[in-house]
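In what follows, a single structure is set out as structure tokens and then discussed.
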Amino acid sequence: MIIMQILRSYVEPVLGNALSKIGIKDDSWKSMLTPSREHSQGDLSLPCFPFAKILGKNPVAIAEEIASSIEKTTEIGEISSAAGYLNFKANPKWLVSELLSNKIRIGDAFGGKPCTGRKVLIEHTSANPNGPFHVGRARNAILGDTLVRLHRLLGNEVRAEYYVDDMGKQVAVLAWALENLSENQIKEILRDSNEISPKWKNKADHTRVRWYQAAQKLRQDETESAQIELDIAKLVHDSENGNHKVLEKFNNAFHPVLEGMLTTLKRLGIEFDEFTKESMFVTNGDVEKLMKALSELDIHGVADNGAEYLDLGSRGLKGKTEFYFKRGDGSSLYATRDIAYHIWKWSQCDELINVLGEDHKLQARQVGLTLKELGHKVPEVLFYSFIKLPEGKMSTRKGNVVFMDDLLEEAKEHAEQIVRQLRNEYNEDQVSEIAEAVGSSAIRFNIIKVSPDKGFTFRWEEALAFEAGSAPFIMYSSTRARSIAKRCAELGLDVELICQKGILFDDITDELPDSLIDLLRCMAIQNDVLLRSVEQSRPNLFANQILNLATCFNGFYRDCKIIESGEVNEMYLQISQLASGFLKSGMEGLGITPLERM
RNA sequence: GGGCGUGUAGCAUAGCUGGAUAAUGCAUCGGCCUCCUAAGCCGAAGAUCGCGGGUUCAAAUCCUGCUGCGCCCGCCA
């Protein structure tokens with residue numbers, strides 16, 4: 001149930017009537033009737049400037065004329081004009097009764113329906129399993145998981161996928177190193193690098209990455225590299241030809257690393273429904289079939305050594321237009337396998353979304369154009385810009401990197417300090433539980449709240465700021481609401497029963513505090529914002545909504561005492577509980593852990 | 001060199017399907033805990049929305065040129 005759309009459905013007929021009376025007959029004004037920019041003026045506004053020319057009148061006068069010709073209704077509480085704008089304000093009493101009517105399923109943009117019937121497949125993260133997450137790589141996982149959660153909140157059936165790169169050079173390097181280098185050799189090769197943190201010496205993503213790094217270093221070393229390159233090339237070649245023994249070796253090499261990486265993500269509330277291995281499309285023949293199909297396209301071309309490509313220039317690609325899908329030796333490339341993967345994904349969903357770093361833009365374009373060429377739909381892609389450090393680009397090699405595991409620990413410790421300071425009555429288990437939730441939620445929110453296409457500079461002070469504008473701020477509002485409900489229950493009230501009662505329009509007082517009305521309006525648009533956030537794949541829009549909701553709740557909390565000298569105001573309690581529910585579902589949508597107390 | 005993205009108070013950001021006085025947090029200054037959790041609330045101050053042109057009744061928002069920054073332009077992944 002989308003309240004503001006309901007309001008619109010009441011406004012449009014009366015407004016259309018009024019407009020046709022003064023000579024505006026067509027419907028073009030409908031797109032001009034938009035949510036008010038100036039929040040204090042109304043909920044829906046119509047700028048009357050375009051009518052000025054048509055009617056030969058001053059827009060201010062037109063707005064006034066229309067305003068005075070429309071009668072208030074139960075739903076429309078106020079029609080006013082200001083500076084050429086015609087403003088409609090929802091009747092607060094109507095908002096209260098509508099919101100408390102239990103017709104709205106919290107967090108569900110489509111009212112009573114449990115499901116939209118849409119199957120959405122979201123592929124995100126898919127990081128090469130060769131080392132621990134740093135905050136840069138984690139932006140993908142956090143954005144992707146938030147998108148997954150928001151789609152679920154909307155009622156879509158979602159599958160979260162991790163595409164595992166289990167073949168090719170990167171894994172080959174890791175596998176080679178694990179087989180050929182001893183622990184002592186690693187120590188020697190990496191003697192100039194940072195030591196592994198003792199905290200993570202049992203976490204395979206942190207330990208095995210050293211083998212990977214050592215191998216990378218050796219490969220650059222002139223004297224050693226030739227034979228290593230040959231060895232690795234053979235492994236790569238075998239894996240690409242679907243050699244089971246080699247693929248198993250690769251699997252044994254990266255699997256513990258992937259497990260370690262997933263442990264980190266789990267701590268951030270991120271989980272996957274399915275892992276799909278890249279090698280599957282080689283071993284099941286899909287890639288072979290695909291390359292054959294591509295060879296038969298009009299835009300297909302062959303290089304001197306037999307390598308094959310598509311010339312996408314005629315399909316709108318600029319710059320270098322050749323898109324190679326087959327090497328001279330006949331083997332496939334990463335992008336080719338990715339296309340096979342996409343065709344497979346399309347066979348099991350209605351909507352396909354990929355979360356990719358901005359460095360993949362060209363590649364994604366090539367994949368998209370090729371899919372189109374083959375008669376498939378093009379997936380939607382959420383691109384994000386990279387996270388950098390104040391010192392510059394994040395680079396494991398240069399040691400200029402912040403590991404997600406360290407950030408999580410640091411955030412938790414910081415939160416623990418604050419909890420101990422603020423609530424010395426909590427025991428250590430409580431402190432730890434709260435701190436863990438606060439820490440990981442804050443990290444997530446810090447990243448979600450900024451627009452994906454914006455570059456992001458990671459700063460410790462910001463990641464560890466738990467004030468207004470952060471996840472803990474939202475969590476705090478939510479615990480306030482819960483604490484009130486608990487108090488009411490302690491006073492012997494059946495809170496749930498009271499909330500089910502709703503409230504009759506005529507039983508609502510005419511004088512409602514502004515902050516209460518603000519909270520109502522904020523709740524009224526929540527599902528609209530959710531829908532927009534999902535449609536545009538912009539989690540930051542919804543993050544902002546929940547921040548506003550928390551702020552509005554705090555205002556309501558200030559002005560509307562629910563319990564006053566032992567007496568409970570039932571309407572306030574119902575509104576508080578509704579807000580509590582909106583906060584909770586919103587937090588779940590963002591991956592913020594709701595707490596009972598903090 | 002070409003393509004894509006980005007530039008908004010001291011800092012970090014929101015707004016960019018054109019519309020009213022450009023919103024929020026941090027930092028700065030001032031006020032609020034005998035009152036449902038002060039991780040909070042209220043107030044003050046702070047912006048030539050990168051620069052120049054254009055379209056429009058109306059531009060932070062659309063178009064165009066310039067400029068700073070980022071990413072990409074492998075028969076790598």
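Chain letters run A, B, ... following the sequence lines, proteins first, then strands; residues in each count from 1.
Note that K393(A) lies outside the cation-pi zone of F386(A), set by a 6.0 Å cut-off to the ring centre and a 45° limit from the axis.
Taking the O4'-C1'-N9-C4 or O4'-C1'-N1-C2 dihedral as appropriate, rC63(B) has a value more than 90° from 0 and is therefore anti.
Residue K454(A) places at least one side-chain N or O under 4.0 Å from the OP1 or OP2 atom of rG7(B). R37(A) has no side-chain polar atom (N or O) that falls below the 4.0 Å cut-off from OP1 or OP2 of rU61(B). Between R597(A) and rA39(B) there is no side-chain N or O to OP1 or OP2 distance below 4.0 Å. For rC73(B), neither phosphate oxygen OP1 nor OP2 lies less than 4.0 angstrom from any side-chain nitrogen or oxygen of R365(A).
The base-pairing partner of rC4(B), taking Watson-Crick or G-U wobble contacts with both distances under 3.5 Å, is rG70(B). When both distances must be under 3.5 Å, the Watson-Crick or G-U wobble mate of rG43(B) is rC29(B). Across all strands shown, nothing is found opposite rA14(B) as a Watson-Crick or G-U wobble partner with both distances under 3.5 Å.
Considering only the side chain of R423(A), rA39(B) comes nearest among rA14(B), rA38(B), rA39(B).
In this structure, the CG atom of D359(A) is 6 Å from the P atom of rC72(B), given to the nearest Å. Rounded to an integer number of Å, the gap from F473(A) CZ to rA39(B) P is 12 Å. Atoms CZ (R480(A)) and C1' (rC33(B)) sit 11 Å apart, rounded to a whole Å. Counting to the nearest Å, the P atom of rG18(B) and the CG atom of L33(A) are 15 Å from each other.
Judged purely by atom type and a 3.5 angstrom limit, H414(A) has no side-chain atom pairing as donor or acceptor with the backbone of E410(A).
Residue S470(A) places no side-chain atom within donor-acceptor reach of the base of rA39(B), judged by atom type and a 3.5 Å distance cut-off alone. Scanning atom types as modelled, one donor and one acceptor separated by under 3.5 angstrom connect the side chain of N305(A) and the base of rC75(B).
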